[in-house]
Amino acid sequence: QQLFVGDQVLRVSARNEEQISLLGVLGEQEELQVDFWRHPNSPGHPVDLRVPFLTLQGVKKFLDFHNFSYSIMIEDVQELLDEEKESMRRSRRI
Amino acid sequence: KRSSRTFDFASYHTIDEIYDWMDVLVEDHPSLVSKIQIGQSYENRPLYVLKFSTGGRNRPAIWLDTGIHAREWITHATGVWTANKIASEYGQDPSVTAILDSMDIFLEIVTNPDGFAFTHSSNRLWRKTRSKYSGNLCVGVDPNRNWDAGFGEAGASSSSCSETYHGPYANSEPEVKSIVDFVQSHGNIKAFVSIHSYSQLLLYPYGYTYTAVPDQQELHEVSAKAVAALSSLYGTQYKYGSIITTIYRASGGTIDWTYNQGIKYSFTFELRDTGRYGFLLPAKQIVPTAEETWLALKVIMEHARDNLY
């Protein structure tokens, strides 16, 4: 089973078309394994991306370097998944 | 025998639990609900559709589907709740009763069963089908890029490793082809609603072109009314419009194909949330999400009923 320990979901805001294109470039770098949960659309629309723990530093560096403003939407994906699993287990037991 | 009344709608469930529950729902409402199999998935799982019908032959119909993207668990859960709501409101709620007295409703809850099973066993964040094609590096096709509407154009990927991979050819995925065959052989589907998550949107065609659909004004007005109904319950804010102008260009999408088949009332939802949990919406939000979505669905279904074409 694939685990997502330390993976984060970042909410990124693109200010202009150039930044939208840069997010496209980020997505094309397969080694970063960025998983877009909400794709780049137009400036002002939030973009959500799940970033594996191993490439988190690289992706954040990229965002900082290109002056993106972003926040951490999910701090640790696996924590939420564990909660979800536990809630299903509880419901089944009941 | 278990009863559909003891099912925990406020929890996420596996495919086996959902399929078992569908049988119980049919047993509890034998004169209204039946289960039909429209095909089987790549990994040979049955593709089940619940049919809600009060009789008649080939009545005008409404199609609803949830879960075409496997990781969007809130949609399957909403589908289960909605199925139960339709069954329990018939004969109680005048609007639902009037819809079912003149139309049939078809509801496919687990539209991508292989992907859904995979989200439970191996990778909670899997989105695509599980098909394998020789020469492809990666597994799976995005079933919402696999329809014969602008297939393979901009707004889908030709790389098998992409989450938006369109597949080798239109309808390559049995999960898609089964719906295509069903819709075409039925021939009298008047409304088609495909339910996704998340980002809180109600969308109508097109996704593959900026050309406005001939019915844009009507679809826009129906969307406005549906979104107002939805928001009235918990204040959840939705945006609405055509796919391409509201989210992004997407080719080979479900409702672009259904619209081109002549199904005027073609819509797609993106359910909650605005960006705290994404695809990991906590189970305690299932019922509120389903409740608010139901209000919008009712507007669309009522409009289809009152404006048959």
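Just so we're on the same page: letters track the sequence lines, and every chain starts at 1.
- Here CZ of A/Arg90 is found 10.5 Å from CG of B/Asp8. Values are rounded to the nearest 0.5 Å.
- Distance OG/A/Ser91 to CZ/B/Phe9: 11.5 Å, rounded to 0.5 Å.
- The contact between A/Arg50 and chain B is made entirely by side chain atoms (from C-beta outward), counting heavy-atom distances below 4.5 Å.
- Heavy-atom neighbours of A/Glu31 CD from other residues, nucleotides or ligands within 6.0 Å: above the threshold of 12.
- If you measure heavy-atom distances from A/Phe4 to chain B, the contacts under 4.5 Å come from the side chain alone.
- Looking at every heavy atom in both residues, A/Met88 comes nearest to B/His120 through CE-CE1, 3.6 Å.
- Counting heavy atoms from C-beta on, the side chains of B/Glu163 and A/Asp35 come closer than 4.5 Å.
- Looking at B/Trp73, the atoms closer than 4.5 Å to chain A (heavy atoms on both sides) all sit in the side chain, from C-beta outward.
- To the nearest 0.5 Å, the span separating CH2 on A/Trp37 from CG on B/Leu280 amounts to 4.0 Å.
- Heavy-atom pairs under 4.5 Å with chain A peak, among B/Ser122, B/Ser162, B/Gly278, at B/Ser122.
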Practice item. Show the numbers, then the answer: is there a side-chain contact (heavy atoms from CB on, under 4.5 Å) between B/Lys239 and A/His45? Key: CA-CA 12 Å; B/Lys239 288 181 183 155; A/His45 280 78; 4.3 Å; yes

Exercise for review: Just do the side-chain contact (heavy atoms from CB on, under 4.5 Å) check on B/Phe279 and A/Ile74 with the steps written out, would you?
Suggested key: CA-CA 11 Å; B/Phe279 301 117; A/Ile74 297 176; over 6 Å; no

Exercise for review: Before giving the answer on side-chain contact (heavy atoms from CB on, under 4.5 Å), spell out for B/Tyr277 and A/Val9 the whole-Å C-alpha distance, their side-chain angles and the decisive distance to 0.1 Å.
Suggested key: CA-CA 9 Å; B/Tyr277 302 104; A/Val9 179; over 6 Å; no

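- Other residues, nucleotides and ligands place no more than 12 heavy atoms under 6.0 Å from the CD atom of A/Glu18.
- Note that the OG atom of B/Ser11 and the CZ atom of A/Arg92 stand 7.0 Å from one another [nearest 0.5 Å].
- If you tally non-hydrogen atom pairs under 4.5 Å between each of B/Ser159, B/Ser121, B/Pro282, B/Ala283 and chain A, the highest count goes to B/Ser121.
- B/Arg71 touches chain A through its side chain: at least one heavy atom from C-beta onward sits under 4.5 Å away, while N, CA, C and O do not.
- The parts of A/Arg38 that come within reach of chain B are both its backbone and its side chain, each placing non-hydrogen atoms under 4.5 angstrom from that chain.
- Taking OG of A/Ser87 as the reference point, atom OH of B/Tyr12 lies at 8.5 Å (rounded to 0.5 Å).
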Check your understanding: What do the steps show when you test B/Arg249 against A/Asn41 for side-chain contact (heavy atoms from CB on, under 4.5 Å), and what is the final call?
Key -> CA-CA 9 Å; B/Arg249 182 188 292 273; A/Asn41 169 20; over 6 Å; no

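- Of the candidates A/Glu84, A/Gln2, A/Gln78, A/Glu84 is the only one forming a side-chain contact (heavy atoms from CB on, under 4.5 Å) with B/Arg124.
- The number of heavy atoms from other shown groups lying within 6.0 Å of CZ (A/Phe53) does not exceed 12.
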